Structure formats: structure tokens, C-alpha cells
Amino acid sequence: MATLKIQNTLGNTKEEFIPVDSSHVRIYACGPTVYDYAHIGNARMAVVNDLLVRLLRRLYSKVTYVSNITDIDDKIIEAAQNAEAPFQELTRKFEKIYNEDMSALGVFLPDVQPRATEYIGDMIGLTKKLIETEYAYEKDGHVLFHVPSFKKYGCLSKRDREEQILGSRVEVAPYKKDPTDFVLWKPSPDPLPGWDSPWGFGRPGWHLECSTMSEKTLGLPFDIHSGGMDLTFPHHENEIAQSCGAHNKADDPRYFAKYWFHNGFVIVDGEKMSKSIGNIKLVHDLINNYHGEVLRLTLLSAHYRQPLNWTVNSINQNNAMLERLYRGVKELNKIEASSKGYDVPDSIMEALCDDLNTPKALAELNLLANSISDASADEKKKIKGKILATGKLIGILQEDPDKWLGYGYSESLDSKTIENLIKKRNEARRDKNFVLADSIRDELKNKKIEIEDTKDGTIWRSIE
RNA sequence: GGCUCGGUGGCAGAGUGGUUAUGUAGGGGCCUGCAAAGCCUUGCACAGCGGUUCGAUUCCGCUCCGAGCCUCCA
């Protein structure tokens, strides 16, 4: 069995994955803040983690995957105010859409999807602990984490506290003892949502929820904590400070999570995705134009830590690759898959286990598909088993190939009409009346029907 | 300014101290009445300059260019 290696942001090296408890692997991914439609960057995180979890499930008997829903936050409050609706209405709506959109990309629901608002009591508890351990202090209804008290602060993002203060561009709030202190709990003035706490009516700071929910759902320490690269600082750095501080484990950042797994950004046509440029690609829109598998494959076409340039060209290239793979599966459908449990090939497992090297894995899959043409019938059985198992693991090739390629499916003509035209054409061909035969083919092509003369007769498919 | 990470063939994108992935697009061919699909074949890529080495795209240094974080952000 191939051993899994992953790049650990904590230490910034590729490490062999050794679970805290090999009988139960536990992973937590920072999930979305649900106030708007998910964009392709959110999807990359979801797809990459989904694949990592699928891989872990092959390697370990029990895996628990937790990914939260952030359903209270300043942006949510703002969006709810603009919509003139209770924030819960907004968050439930976009949580549902998020899950539907991710499902379209072949992302399985996490085992646990905790909502921040359902853990407020535990967040208050964690904050109390941090006050007890003297890593936090209260001031004017705020509770702040005192960063200078946490010696290892910066260990994840490799940031120097002093330089951070120098490089800071924001004004320091008056209630902070130190410019780098961050909020655990803050007051919520009347119209804003909030909860009662020992420090008055308020709401949690952003970082607190993940420390709380990961501990409550998985226990400490757990194995992998993941998220987008931008979360490394400050979000994940602060989570470590909170979780290790609360448990008096300030010297041991791994007491919280052992491995930190961060995915790179998606850029669009070479530019950063941003509201001001107006180039945000929403999954909700993309799935109207492309099958989820095409989008998933495109997201996996680059290594997860590299920037991914999202362009129409790259979607098309991956679409072409997927179509060819489906043709391979269609070819193999003429034979039974081997019943001898032909599984994901070692070469592909090795690639995936090597820090989730999906481009390498896909290259190996292509090589496998290339081997179909000159394989014996017996070999084809094995190849079929391997391709299907691989497709299942990485979340592609799950559709019926005929349907994917459009064989026997048409929206413009009913199949009887098509069959009749094909019959007429074949009669014309028999009579060597190629002018007529070609005109019938052109007629069908105009109706988005393409025909193929195979040795088993003429078949047709709808094309876009 | 600080900290990361990159610059690979038309495009996408792995990887390696010496044997030049993979896909996609293009060229040529086979097959076909012609197509379509498939198959075969082809392309001497590794930002620049130095250094280490028998040998560097791969290691080291410098230069140039790009991206991300340092403020909400996947």
C-alpha cells in the first residue's frame, strides 16, 4: 500500500501522514461563510478536500470529515440588513445552495457540517478558559486574545510579530493591549444579532468558531486541518493560539491539529477574482453551462497548491480529455469488467498519495486509456475495472458514456425521424448516390445530430 | 518593507542531476465513397546570467518577471 505524504504548512515540508489514531482519522476543513453564492475558489477547496477524504477512506477504515458552515459574521449581518431579512433566513438559503452546488461537482457532504450559531455556548466556554489560562482579557465588553502571551504565535505562517506591527496598515483599536491582539468576543449593539455572555450581549470573533467546532466534533488533537491558503494568516494562526492556549499547550502547536493542508487560489483569466473586476465565477452559473465533472476535472487539473488559472480554454481542454476518456469507457462497455476486483492502479494511488498529485494521476489514467487500443479482450477487462475504479475514486466518469457522448439522445428530433433519415442515407450510399447521402448527413448535422459509420452500422449522437 | 510560492513546448500541466510525462491544439499518415470516431506519427520546452558537476531544465547564487499573504477573503 502506498503511504500518504502531504505538504504540512506547519513546518512547510512534505511529511509522511501518520494519523494520531490510525483507527479513526479525523479531518476538519474551514467551510464557507454563507451570505452569497459559492464561487469557483470555494469549489476548489471543497473538491480538493473531498478528494483527500476519498483517498483517506481508501487508506483507513474510519474517517470523519468535518467542514463547518459560518453562519454568523459581519458580512452576513451586512447582507441580511441589505436584504431586510433575518440573517438566519439568508444563511439557511445559501447553505442549501452551497451544498447543492458542491454536490453537482461530485462533492460528498461532510460527515458533520456544524453551524457556528449552534456552538455559541461552547465558544463562550472556550473564551472563559482562555481568560482562566490568562491568554485572554476582557476590556469594554470585548474579550481579546493577548498575542504576546503566546510564544509560538506565528509558527504556522512564519510571521514575525514585530514586523507585523510595523507592516500593519490598520489603526489599533483602543481596547487592545497589543496591536496584534485579536477579538474572541465582541459586543453586539442592539439591532444586531447576538447572545448573552458573561461579558454582555455580543457575538463571537471569526476565529473562535473553528477552534470550538473542531474540538467539539473531532476532539484534540485531530489529524488534518485544511482550508484555502489565505486562511493561514490570520485565521489558522489564531485558531492554534486559541486551542493550544485554552489547553495550556502553548509549546505544542500540534496539540490542536497535526497537519495543515492549504490549497492555492483560483485566478480568472490571469487576474485575481474580485468583485471590483467583476470576474467572480459562481459555481451556480457554471453548472448551467458545463457538466459538474468537467468543472471538477478542471479544478483537479493543476496541483492543489499551485494557482489555478480558470479560463474557457482550460475548461474546454479538460472537457475534450473527459470526452475521450468516456469514449474509452464506451469502447470497454462491450465487454464485462473484470470481476477479479481490478482496482485503482498502483501508479495512480502512488501519484495521489504523493501530496495529492492529481495531474500525475490523470496522466496515468490517460496512459491507461491509451492502452485500450492494443489490449487483448482479457486485458481490456482489467483495464475497464481499473478505469472505473479510478473514476469512482476521483469523482469522474460516473455517467453513462452513451449519455455523456450524446448517443441516442436528441432534443431537436425524435429518434424515429433520425433512424429513418439514416436508413434513407444508407440506401443512397448503397446506390452510390453520395450527393443525396451527404445532404442527409448535412441535414442531420444542422439539427445537431452527428452520425458515425461503424463496422456495426451507423450510429448517431447529439452534439452541442 | 517582511514572509511564502512560481516562471517548462501554441495552450494546460507534472516531473527528473544523464534515458526529453500527460492532455489539448496543430502538421503528416492509416481507416472511410466522403465524413465522424479511432489509431499511428510528428514537435529537439524547461525566464536570463554565473557557479558546482564528467554532465543541470533539475542543485547553489544573482538578475528580471509573475502570484499570494501581511486588512475581510477559499
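Residue numbering restarts at 1 for every chain, and letters A, B, ... go by the order of the sequence lines. Everything numeric here is computed off the predicted structure, so don't read it as measured data.
Taking the C1' atom of each, B/rA56 and B/rU24 are spaced 29 Å apart, rounded to whole Å. Separating the P atom of B/rU20 from that of B/rG26 is a span of 26 Å, rounded to the nearest Å. Only the P atoms considered, B/rC69 is 27 Å distant from B/rC59, to the nearest whole Å. Comparing the P positions of B/rU52 and B/rG61 gives an interatomic distance of 15 Å, to the nearest angstrom. Annotation: B/rC62 and B/rG68 have their C1' atoms spaced 24 Å apart (nearest Å). The separation of B/rG6 from B/rA14, taken at their P atoms, amounts to 11 Å, rounded to a whole angstrom. One P atom belongs to B/rC11, the other to B/rA45, and the distance between them is 13 Å to the nearest Å. Rounded to whole Å, the P atom of B/rU57 lies 47 Å from the corresponding atom of B/rC34.
Nucleic acid contact class of A/Glu364 (heavy atoms, under 4.0 Å, all strands): none. Counting non-hydrogen atoms under 4.0 angstrom, A/Gly264 reaches a base of the nucleic acid. Counting any heavy atom pair closer than 4.0 Å across all strands shown, A/Arg425 reaches a base atom.
Within a 6.0 Å sphere centred on NZ of A/Lys447, other residues, nucleotides and ligands contribute 12 heavy atoms or fewer. Dense packing is recorded around NZ of A/Lys258, with more than 12 heavy atoms of other residues, nucleotides or ligands lying under 6.0 Å away. Residue-environment remark: NZ (A/Lys330) exceeds the threshold of 12 foreign heavy atoms within 6.0 Å.
To the nearest angstrom, C1' of B/rC72 lies 16 Å from CZ of A/Phe182. Rounding to whole angstrom units, NE2 of residue A/His303 and P of B/rG15 are separated by 7 Å. When the P atom of B/rG38 is taken as reference, atom CD1 of A/Ile459 falls 11 Å away, rounded to whole Å.
In the region residues 393-407 of chain A, proximity to RNA chain B at under 4.0 angstrom, judged on heavy atoms, holds for none of the residues. Within residues 284-293 of chain A, no residue approaches RNA chain B, by heavy-atom distance under 4.0 Å. A heavy-atom distance below 4.0 Å to RNA chain B is reached by these residues of residues 368-377 of chain A, ordered by number: A/Asn370, A/Ser373.
Remark: A/Asn12 is in phosphate contact with B/rC5, judged by side-chain N or O atoms under 4.0 Å from OP1 or OP2. Proximity of A/Lys432 to the phosphate of B/rC34: no side-chain N or O atom is located under 4.0 Å from OP1 or OP2. Residue A/Asn318 places no side-chain N or O under 4.0 Å from the OP1 or OP2 atom of B/rG23.
Listed nucleotides B/rC11, B/rA37, B/rG13 differ in distance to A/Asn313; the shortest reach to its side chain belongs to B/rC11. Closest to the side chain of A/Gln317, from the set B/rA21, B/rU24, B/rA74, is B/rU24. With B/rG15, B/rC73, B/rG38 as the candidates, the nucleotide lying closest to the side chain of A/Lys272 is B/rC73. Among the nucleotides B/rC73, B/rG38, B/rG2, the one closest to the side chain of A/Arg324 is B/rG38. Residue A/Lys75 has its side chain nearest to B/rC73 when only B/rA37, B/rC73, B/rC70 are considered. If you check B/rG2, B/rA74, B/rA37 against the side chain of A/Arg327, the one that comes closest is B/rA37. Residue A/Trp206 has its side chain nearest to B/rC72 when only B/rC3, B/rC72, B/rA35 are considered. Of the candidate nucleotides B/rG13, B/rG33, B/rC34, B/rC34 has the atom nearest to the side chain of A/Asp453. The side chain of A/Ala320 sits closest to B/rU24 out of B/rC73, B/rG6, B/rU24.
With A/Phe434 as the aromatic partner, A/Arg429 does not meet the cation-pi criteria of under 6.0 angstrom to the ring centre and within 45 degrees of the ring axis.
For B/rA36, there is no paired base (Watson-Crick or G-U wobble, both distances below 3.5 Å).
We find that A/Asp442 and A/Lys445 are not joined by a salt bridge, their nearest charged nitrogen and carboxylate oxygen being 4.0 Å or further apart. Between A/Glu95 and A/Arg115, at least one side-chain N (NZ, or NE/NH1/NH2) sits under 4.0 Å from a carboxylate O, which counts as a salt bridge.
A ring-centre distance under 6.0 Å is not found for A/His207 and A/His236. For an aromatic pair to be called close, the ring centres must be under 6.0 Å apart, and A/His142 with A/Trp185 fails this.
Counting distance only, with no hydrogens placed and no angle test, the side-chain atoms of A/Arg441 and the base atoms of B/rC34 include a donor-acceptor pair under 3.5 Å. Evaluation of atom-type donor-acceptor distances gives a pair under 3.5 Å for the side chain of A/Asp438 against the base of B/rG33.
In this structure, the side chains of A/Glu293 and A/Glu399 come closer than 4.5 Å at one or more pairs of heavy atoms. In this structure, A/Asp74 and A/Lys186 have side chains that are in contact, with non-hydrogen atoms separated by less than 4.5 Å. Side-chain contact between A/Leu90 and A/Ile76 is present, with heavy atoms from C-beta onward closer than 4.5 Å.
Residues A/Asn42 and A/Ala363 both approach RNA chain B. Their nearest nucleotides, taken by heavy-atom distance, put A/Ala363 toward the 5′ side. When each of A/Phe434 and A/Phe265 is assigned the nucleotide of RNA chain B bearing its nearest heavy atom, the one mapping closer to the 5' terminus is A/Phe434.
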